[in-house]
Engineer: 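What follows is a single structure, and I will ask about it in a moment.
Lettering of chains follows the sequences in order, A, B, ..., and the numbering in each one begins at 1.
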Amino acid sequence: MPTRQILVTSALPYANGPIHLGHLVEYIQTDIWVRFQKMQGHRVVYVCADDTHGTAIMLSARHKGLSEEQWIGQMSQQHQADFAGFDIRFDRYGSTHSEENRQLCEQIWARALEQDLIAARDVQQLFDPVENTFLADRFVKGQCPKCGAPDQAGDNCDKCGHTYAATDLVNPVSTLSGATPELRSAPHFFFQLEKCRPVVEAWIDRPGSLQSETANYLKGHFLGDALRDWDLSRSAPYFGFEIPNQPGQYWYVWFDAPVGYIATTLQWCREHQQDLADWWQNPATEIHHFIGKDIVYFHTLFWPAILHTAGYQLPTRVHVHGFLTVNGRKMSKRDGTFIRGRKYLDHLPPAYLRYYYATKLGDNQDDLDLNVSEFVEKVNTDLVNKVVNLVSRSAKFGGQTGLSATYPADDGRFEYAAAQGQAIAAAYEAGELSKAMRLIMELADRANQYVEQAQPWKLAKDPQQATALRDTVTVALNLYRQIVIYLAPVLPSLQQQSGDLFGQALTDWNLAQTPLLGQTIGTYTHFMQRLNLQDVEKMIEETKLENAAALANATPATADATEAAPAAATDTADALLAEPLAEECTIDDFVKVDLRVARIVSAEEVPEARKLLKLVVSLGGDQTRQVFAGIKAAYNPEDLVGRLVIIVANLKPRQMKFGLSEGMVCAAGGGGTEVFLLSPDSGAVPGQRVH
RNA sequence: GGGCCGGUAGCUCAGUUGGUUAGAGCAGGGGACUCAUAAUCCCUUGGUCGCGGGUUCGAGUCCUGCCCGGCCUACCA
C-alpha cells in the first residue's frame, strides 16, 4: 500500500474546565486511529489545541482574579498533563490564542472579504455609557417584552420562553455597571454562507465526507432553506482576536477555534521544517476531524465553507461520535459520574479505559455507555484472563528455553492470525474499533486453546521433551506477540512492556506477519493487574463527595491539587456571576408581589410535558390553586405532597398547553435537575404572607 | 409537533446486496486441567429478531402504521 499523508484532529477542548471521561471518548478514539495509521507506516500528524476565547473564559479569569492569559495557561498545562496520562500523543498541542492563529485568521478573513462573503450590517445594540462598551446579550438584564418577567437575559426569557433581541427588553440594565444602556448602532460582520452552498452541498454529498446520519441531519435541518448568515463578530468586552481595522470588534470564538487546527499544524511545520501547504493545500493529504455530535453544525457547514474560501483543502472525513453516559444515565455531578480524567488516573491505569472505549466504539454517533460492572468484567476477562494470561503462562518457560530458531508446526495458527491482520486493520481503518477488538479477542481464545492442547507444563517435567517445550513456547509467545501488535494502537503500554520482553520494538503492524525466532526472552512480571469493582466505586464515591461539596459551595476538604486556586472556605461567586443582581427596587415595588406560604396537596406528572409537574396547592381553608412548575427533573411528585412551599399568589393566571397555571412556586437554582424549592421554617402555616 | 438514530439471548453487541435449523463474547449450568493474576480448556441452558400489517417462493434484513428509548429542533416552563 502506498504511504498516505494524513492530518488528524480532535476537537479543541475549551480552556475553561478540566478534561473528563466524556471528553476522553474522543481523544482516545482519535489517538487509537492515529497510532494505527502510524503503525501502517503512513505519515500522520495529529494536532489539537486548547480553545481559549470567548466570554466564558473572560468571566472565569475574572472570577479567579487572573488575567485571561494566566488562566488559559493553567488550563492548558492541566489538559496536556491529563492527555499525556491517558497515553494520548499529539504531534503538536497548541492554543487558539497564538500568534500563528491570529495571522491565519487575518489571512482567511482577508480572503473572505475579497470574495465578498462578508456582509457588514449595523446592528442596533445596547451600549453601556459607564463602561464605554457595547453589551453582549448576556450582559443585559431587563423585563421580558412579552410576559414582563424581570431579570431576563438579552436573548430569551426563561419564564415564558419568548425569544427577542436585547434591544427589545423593557427597562434594560447593564450587568457590568448597573447603568441604563443606550441604544447605539454597532457594525457587525456576517459570513454569507448561502453563497457557498454549492461547495458545501457537494462536499456533504460526496461519499466518505460524513457518516450517513450526519448527512441526513444536515439535509433535514439546514440545506432545505437558504443558509442563514453567520454573525462572526462580537463586541467588546470579549477575550479573543480583534478584527483588523475594527476596533472593539472581535471574531466570535467559533471563527478562530477551527482555524486553530491549521495554526497548530503550522507550528508543527515550523518545528519540523515542513511546508504548511503540503498539509492543508495538498489534495493528496487526507484531513480527518474527530468531533462529538454537538458540534457537527460548525464543522460541516461553516468550516468547509471557510476552508474553501481561504483556499484550503476540505476535510476528507468528519468522524462524529456520540456522548458518554455512565451506567445508562447522563453524566451527573450528583451521581458522581462526572469523573475528571485526573481523578480516574489517580485510581486506575489508562489502558483499561482505552480498551473499554475501544470495545464500545464504532463508526457511528450512538451514545456510548460506561457501565461500571461491565467495565470491570471486560478488562479482567479480555485483557487479563485472555491476553496477558498468554504471556503470563508462557514467559517463565520462555525465559528458560528462548525461542526456537525455526518456526514450529502450529496447525496454521500463526498463519491464520497473520491473515486476520487484514480484517483487523480494515476495522481500525473504518473506525469500527469494537469489531477490531472482537477479532483480536478471537485470536486470544485460539492461542489459549493452543497452549491448553500443547500442555507445556507436562513437557517441562520431562527433560527429554526440551525441544518440544521450546517449540510450544515459541508458538504461544508468537501468537501473543501478534495479538499485542494488533492491540498496540489501543494499549501502547502493553506494546512497550511486551517489546521489552521480546527485545524487539513492536511498532510496525507488519511484524505480525513474521514470527520472532531465535530470541531470548526477558523476565516477566505482571503486565496488568485485575480490577476490582470496589476500586471503580471508590473513584465514583470520591467524585460524588467532591461534587456535593462543590455544589454546596464549600471548599471540599479533599480539594484536588489540580484544581486551580481554590477560593477560601467561603461561597463562590459563581451564582452571582451567572445571574447578576437586578435593578434596585423600592418597598412599594416589592409589596406588589404577594408571596404566600402554601401546602402542596397533590402533585402529578404531566406526561406530555418534559419539564412540568402539575401541582395543586392549598392556601388554607378551601382556597386551592393549580400551578404548573418546571421541576419535573428535580423532584418526584410523591415526595412533594404535604410540603410547604412559597408561591407567588397574585401572579396573573396563565393559560398553558396543559391547563391554567394560577401562580408560581418559588425556587432557586439553574434549572433542570438543579432546582431547589423554597420552604418556610416550621411553624409557618398555609396562607401566611411573606414580608 | 417535526427530524435523525436505535429497539436481535439475562448483559454488551454481530448479522454483509432479503436465501437453508438467527450468531459471538460475557454472565448462568455441567465437566476437565493445574503452566497461568480463583486465570485456562471442553460441553451446555437460553431468542414469537419491539408490535401489527404489506411486498416476496422466501423478511432480523425491503415498504407502511404504531409503541418504546436516545439525541436534535420547535413549543411550553
Engineer: Would you measure the distance from the C1' atom in rA74(B) across to the matching atom in rG60(B) and give it in whole Å?
Structural biologist: 35 Å
Engineer: Closest to the F397(A) side chain: rC71(B), rC42(B), rC35(B)?
Structural biologist: rC35(B)
Engineer: Toward the 5' end of RNA chain B, which comes first, S434(A) or N385(A), by nearest nucleotide?
Structural biologist: S434(A)
Engineer: Expressed in whole Å, how much space separates the P atoms belonging to rC66(B) and rG3(B)?
Structural biologist: 11 Å
Engineer: Does the side chain of Q455(A) get closer than 4.0 angstrom to OP1 or OP2 of rC35(B) through an N or O atom?
Structural biologist: no
Engineer: If you take any heavy atom closer than 4.0 Å to RNA chain B, which residues from residues 463-486 of chain A end up in contact?
Structural biologist: none
Engineer: Regarding D367(A), tell me which of base, sugar-phosphate or nothing describes its non-hydrogen contacts under 4.0 Å with the strands shown.
Structural biologist: sugar-phosphate
Engineer: Please report the distance separating the P of rA24(B) from the corresponding atom of rC63(B), rounded so that it comes out in whole Å.
Structural biologist: 29 Å
Engineer: From rC71(B), rU34(B), rC72(B), pick the nucleotide closest to the side chain of K458(A)?
Structural biologist: rU34(B)
Engineer: Between rU37(B), rC42(B), rU34(B), which nucleotide has the shortest distance from any of its atoms to the side chain of S392(A)?
Structural biologist: rU37(B)
Engineer: Once Watson-Crick and G-U wobble pairs under 3.5 Å are found, how is RNA chain B written in dot-bracket notation, 5' to 3', with | for any base paired to another strand?
Structural biologist: (((((((..((((.....[...)))).(((((.......))))).....(((((..]....))))))))))))....
Engineer: Report which part of the nucleic acid V391(A) touches: base, sugar-phosphate, or nothing (heavy-atom distance under 4.0 Å, all strands).
Structural biologist: nothing
Engineer: Listed by chain and number, what are the salt bridge (Lys or Arg N to Asp or Glu O under 4.0 Å) partners of K435(A), not counting sequence neighbours?
Structural biologist: none
Engineer: Give me the one residue out of W33(A), F36(A), Y486(A) that meets ring pair (Phe, Tyr, Trp, His ring centres under 6.0 Å) with Y428(A).
Structural biologist: F36(A)
Engineer: Say you pick atom C1' in rG53(B) and the same atom in rC76(B); how far apart are they, in whole Å?
Structural biologist: 36 Å
Engineer: Regarding K435(A), tell me which of base, sugar-phosphate or nothing describes its non-hydrogen contacts under 4.0 Å with the strands shown.
Structural biologist: nothing
Engineer: Distances for protein N/O vs nucleotides 23-27 of chain B N/O pairs under 3.5 angstrom?
Structural biologist:
| from | atom 1 | to | atom 2 | distance (Å) |
| --- | --- | --- | --- | --- |
| rG25(B) | O3' | K386(A) | NZ | 3.3 |
| rC26(B) | O2' | E377(A) | OE1 | 3.3 |
| rC26(B) | O2' | E377(A) | OE2 | 2.5 |

Engineer: How would you list, by chain and number, every residue that makes a side-chain contact (heavy atoms from CB on, under 4.5 Å) with A305(A), sequence neighbours excluded?
Structural biologist: F191(A), L193(A), C196(A), V200(A)
Engineer: Are there more than 12 heavy atoms of other residues, nucleotides or ligands under 6.0 Å from atom CZ of R206(A)?
Structural biologist: yes
Engineer: What contact category does Y524(A) fall into here, base, sugar-phosphate, or nothing, at under 4.0 angstrom with non-hydrogen atoms?
Structural biologist: base
Engineer: Taking RNA chain B as the partner, which of residues 526-534 of chain A come within under 4.0 angstrom of it by heavy atom?
Structural biologist: H526(A), F527(A), M528(A), R530(A)
Engineer: Between K461(A) and E452(A), just flag the one whose closest nucleotide in RNA chain B comes earlier from the 5' side.
Structural biologist: K461(A)
Engineer: Looking only at side-chain atoms of N448(A), point me to the closest of rC35(B), rU37(B), rU40(B).
Structural biologist: rU40(B)
Engineer: Does the structure show Y217(A) stacking with rC4(B), if we require the centres to be closer than 5.5 Å and the planes to be within less than 30 degrees of parallel?
Structural biologist: no
Engineer: When you compare rG46(B) with rG52(B), how far apart are their C1' atoms, in angstrom units rounded to a whole number?
Structural biologist: 27 Å
Engineer: Applying ring pair (Phe, Tyr, Trp, His ring centres under 6.0 Å) between Y297(A) and each of Y217(A), F302(A), W230(A), report the one that passes.
Structural biologist: F302(A)
Engineer: With rounding to the nearest 0.5 angstrom, report the CG to OG1 distance, L477(A) to T401(A).
Structural biologist: 8.0 Å
